[in-house]
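Below is one structure, written out as structure tokens; comments come after it.
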Amino acid sequence: MPDRAEPLLSVRNLKKYFPIRRGVFSRIAAYVKAVDDIGFDINKGETFGLVGESGCGKTTAGRAILRLIEPDAGTIRFDGVNLLQLRKHELRRKRRDMQLIFQDPYASLNPRMTIRSIVGEPFAIHRLAGGLEREHRVADLLNIVGLDPAMMNRYPHEFSGGQRQRIGIARALALKPKLIVADEPVSALDVSIQAQIINLLADLQQQFGLTYLFISHAIPVIEHISTRIGVMYLGKLVEVGTSAQICLAPKHPYTQALLSAVPTPDPAAKKRRIVLRGEVPTPINPPSGCRFHTRCPIAVERCKTEEPPLRQIEAGRDVSCHLV
Amino acid sequence: MTSVLEVKNLKTYFFTEEGIIKAVDDVSFNVPKGTALGLVGESGCGKTVTAMSITRLISAPGRIVGGEILFNGYDLLSKSEKEMRQVRGAQIAMVFQEPMTALNPVLQVGFQIAETVLAHQNVSKREAWARAVEAMRAVSIPDAENRAKDYPHRLSGGMRQRIMIAMALVCHPALIIADEPTTAIDVTIQAQILELLDSLREQYQLSLILISHDLGVVAEVAETVAVMYAGKIVEIGPVMDIFHNPKHPYTEGLLRSVPRLGSSAQKRDRLEVIEGMVPNLLRLPDGCSFAPRCYKRTLECTLSPIPLEHVSRSHGARCIHA
């Protein structure tokens, strides 16, 4: 696609293995292959949803991309540079352009800091806007996320879960980032508040041309907010496609089972549920061949030995399955 | 149909230094034998306190200040603590959200299930262990004899939740109260647990109270749904009526604000939201508690408390505009 602009973020062959140490000499006994060779692109202004069950590596992937944990291999091209080649101070400058929103609005705000200093801290760290100007910027940010700037001198405990998540979003917006990694930003919130935050994130994206990497296990939420979706299983991407491709016509047997397991808030909906046998195997010793073959309803001999590559099967959709 | 449980005008208040919190305020419902009641609502709406009140597990500063809880016709509120102990676990069992914290980490899971049997029935230890293993088989735990000797940390979240269900089942209770039983579990495992609950209900003629904030789970499991808001039931009725013909603006709002699977088939819109947030239970507004957030609000709504009234024979709503 020659006329297409370069993606804002381009991840290739990303790997993160966590060593498991045993014995007196802390010898490395095995590795948890949390993220094992994944790659995807995110275009400017789009939302890429990363979905999967606990332990599939989606959070590790998000953090490795920001280099909050050091990846073991791969390239991460962000805004024209490979983040993995940057030195510490260069990375620090680049970090202004990429921010993180956390899941737990209770644990991600320092209880001893006022909202003024929480939202103003990015300016302090990067030695930007000081004094009165900083104050104005903080007030602006609070307005943008729908909080009253008059509450600036209060502490996190005086706010509800939804309001705290707004504070976290204001902090993430402070340095006008290009990319925001949102890791389960609405999972801890009540249904009615969840909708408010999802709408806020969508509004901000339009207003500031933001690009999101949205990580969640909640499939309807991911579908609603994402332009494209990547489905992870045991450290691998098994299917990538547009929201509609993934959610209306999933091709990978895992994606199909995952979607069919989502309960519908409609008692009249009779659906065929594919109930997967067994449980997710451990990422320490993932199954050989296709990692999903132990639970896959259509697996054949070949799946046990040969690992299926992620390959394009139609425009915009990649699947890693021998049988698709 | 006879009711296993009838809750009438239940009131559970918490007497705190800042004032009285009416966590459950005049709640009434029936659970006919063999059916499932879904109790939905957001955090702090009183659904868990309702469940704890039924098993009389409310402790200070909380107190049940009024109402009746009839279990198979007997009022649980007039039972002594000793009598209650015979009810809990044996006739009414609970399944909690967090299987990791609900299990004792230093005891074998089989022993923990057997303990329930020993507490309620006059059987030998060997017999109790055998029943524990049998209950583990009933919840489809493979290799139950050996798994029974495992400690909780050896089991996955889904398996632990199965243990919790086995523990609830082992004395063949008439009623199981499941408080967010699948909230901490992944969707594919949740699907397994929901199927399991369904088949067990049929097999043992169980009645179930399912507490959940997940409307999808409730739609799949329950026959009757009660929606709670700020300590009160704002709407109650058959599951079809609640989901297809909601009468209370809060129920309506909840149903509209959840993103649905398959939404990418249509043009992407903003989600509809319920403005504002849940009121502080210490400072509830006069009149309807939902009025400050309601799009149908009129002056009348804010004057005096709104009664729960029939909108059809089996469907009730606490709204004058219903």
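Here is the naming used below: chain letters follow the sequence lines, and residue numbers restart at 1 for every chain.
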Hey, are A:Asp203 and B:Arg270 close enough for a salt bridge, meaning a charged N less than 4.0 Å from a carboxylate O? yes
In this structure, CD1 of A:Ile193 is separated from CD1 of B:Ile274 (nearest 0.5 Å) by 8.5 Å
Heavy atoms, side chains only, cut-off 4.5 Å: are A:Pro265 and B:Arg260 in contact? yes
When only pairs under 4.5 Å are counted, which of B:Val225, B:Val217, B:Leu271 shares the most heavy-atom pairs with chain A? B:Leu271
Any side-chain heavy-atom pair from B:Ser264 and A:Gln245 closer than 4.5 angstrom? no
Applying a strict 4.5 Å limit to non-hydrogen atoms, the region of B:Arg256 in contact with chain A is neither
Given a strict heavy-atom distance threshold of 4.5 Å, which part of A:Arg295 is in contact with chain B: side chain, backbone, both, or neither? side chain
Could you check if a side-chain atom of B:Glu42 sits within less than 4.5 angstrom of a side-chain atom of A:Ser192, using non-hydrogen atoms only? yes
Can you find a heavy atom in the side chain of A:Thr264 that is under 4.5 Å from one in the side chain of B:Leu261? no
Report which part of A:Gln194 has an atom under 4.5 Å of a heavy atom belonging to chain B: side chain, backbone, both, or neither. neither
From A:Ser160 atom OG to B:Asn280 atom CG, the distance as rounded to the nearest 0.5 Å: 11.5 Å
Is the shortest side-chain heavy-atom distance between A:Gln163 and B:Met277 below 4.5 Å? yes
